[in-house]
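Notes follow the structure.
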Amino acid sequence: MEAGLHDRLHREPTTKAGIVHLGLGAFFRAHGAIYVAEAGGWGITGVSLQSPGTRDRLKPQGWAYTAVELGPDGEKPQVVTVLRDVLVAPEDPQAVLDAMAAPDTHIVSLTVTEKGYCHEPSTGRLNRDHPDIAHDLENPLPRSAPGFLVRALALRHAAGQPPFTVLCCDNLPDNGRVVRGVVGELARLIDPALADWIETNGAFPSTMVDRIVPATTPADLDRLEAATGTRDEAPVMHEPFRQWVIEDSFCGSRPAFERVGVQMVADVTPYEHMKLRMLNGTHSSLAYLGYLAGHETIADTMSDPVFAHFVRRLWRDEIIPALTPPPGEDLGAYAEALAARYANPAIRHRSWQIAMDGSQKLPQRILGTIAESRAAGRAVPGLTLAVAAWMRYASGRDERGAAIEVKDPLAPRLAALWRDDPAQTVAGFLAVAEVFPPALRDDAGFAANLTAALSGLVRDGARAMVAGVEAVG
Ligand code: CS2
């Protein structure tokens, strides 16, 4: 059966990798990897920073896998053959460093999720108390993504090689600047001369990435096998839409991204803000409120008219007024396109999956809009309700008292903040400095609105509160 997938492959002549990618999850395999494959001439060495599962499933397939487009009018499978090798960092960190330090490597790209940068989400600074950072300061064989970047850059520096471009593909604001910051800080603690060299010669372009990629399920594998007659143990599922905006500031060569629809621009910031606040901000809002209301996926949540109305209201009244549109973008049209993407019934994107790691996501997705709007005197009742829903969710109990499996690096600390008195719960959460910026921590009006929203969630439930959001204040 595995031979079947091989047989369907039309391998490009074996190009050298050129790109090492840290964090070989479904998102990168359904987004960046496809653009690189289409651009041609480049291959990718994938690195799993945690577990061997993806490598073990891809290896018997010769690193090939199927990317399945889930459109309203059916499924379109495509075999992707851009991976040249997959390494598992904990098994052999030296092999990962060697690949990153190889003269043929020009780009190290990353999708390691928000928490993978070991930074403090509210400030963007390196978290020196992070156990992996403490480890990587002392050991030449690292564990963290910043550790791998710094140690590999050190090898290149020592060998007289130029640095690689660090291409961050995670949903962080100014993601290039954040990575430059954590890499610079860690490098300086290890070797100030190295930090100076990186500062002068390194490149950390910011990017905006977008494609909805729900987790692959066992049912997806069976359906794909029935449709194609070939068993693929590691396919990825994605929506038709995709967008990639990259700041065109590489320090070495790069694939011809502009030929395959990537927008190469001088300033990514307005695109990042638009996407993080309009897409990810409402994704998280729908995830917490929808989960509490008993909706399993984003599409299910959108099929509830109360939520479909709520999300449009969030865009129109709360998010768009705080945004500067990127050149040529119509934010109203962008919102309508998002509503259609969310409603795609072929995409079963679980609210639970999006709800993960809220402490790392809320600052750039929701809290920035809230802080700017409050400073400008604009009311944000819907986003305030979403933050209260996150608090309720993080308590670990749903509206029926059933346990929620909360995945978040701060999960135990957040759960312990829950009190019977909503005002006390809100005060406890607002004091979490990693999440809330000072402007919101010290904002008594915001605390009062959050308390009202949380009391309402406890008393009336999420759906009723979403229906009555105008009244939250
Ligand atoms: C989602 C994102 O899981 C999440 O938090 O909001 O993965 C989202 O699907 C992508 O950013 C879409 O580009």
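Indexing begins at 1, ligand by ligand and atom by atom, following the structure's order.
- In terms of protein heavy atoms, atom 2 (C) of ligand 1 is closest to N280 ND2, 3.6 Å.
- Scanning H283, K275, R365, Q353 for the heavy atom closest to atom 11 (O) of ligand 1 points to K275.
- Salt bridge E114/R365: present, at least one basic N to carboxylate O contact under 4.0 Å.
- By the 30° and 60° cut-offs, the orientation of the rings of F257 relative to F250 is tilted.
- Here the rule is ring-ring contact (aromatic ring centres under 6.0 Å, His included) with H21, and of F28, W42, F27, F148 only F28 fits it.
- Of all atoms in ligand 1, numbered sequentially from 1 with element shown, those under 4.0 Å from a heavy atom of H349 are 9 (O).
- A 4.5 Å side-chain heavy-atom check between V466 and L385 finds at least one atom pair inside the cut-off.
- Between Y35 and W244, the two ring planes are tilted [angle within 30° to 60°].
- The nearest protein atom to atom 13 (O) of ligand 1, hydrogens excluded, is given as D210 OD1, 2.6 Å; this is a heavy-atom distance.
- Atoms of ligand 1 found under 4.0 Å from any heavy atom of K361, numbered from 1 in the order shown, are 3 (O), 4 (C), 5 (O).
- Here atom 7 (O) of ligand 1 lies nearest to N171 when heavy atoms of L279, N171, L338, D357 are compared.
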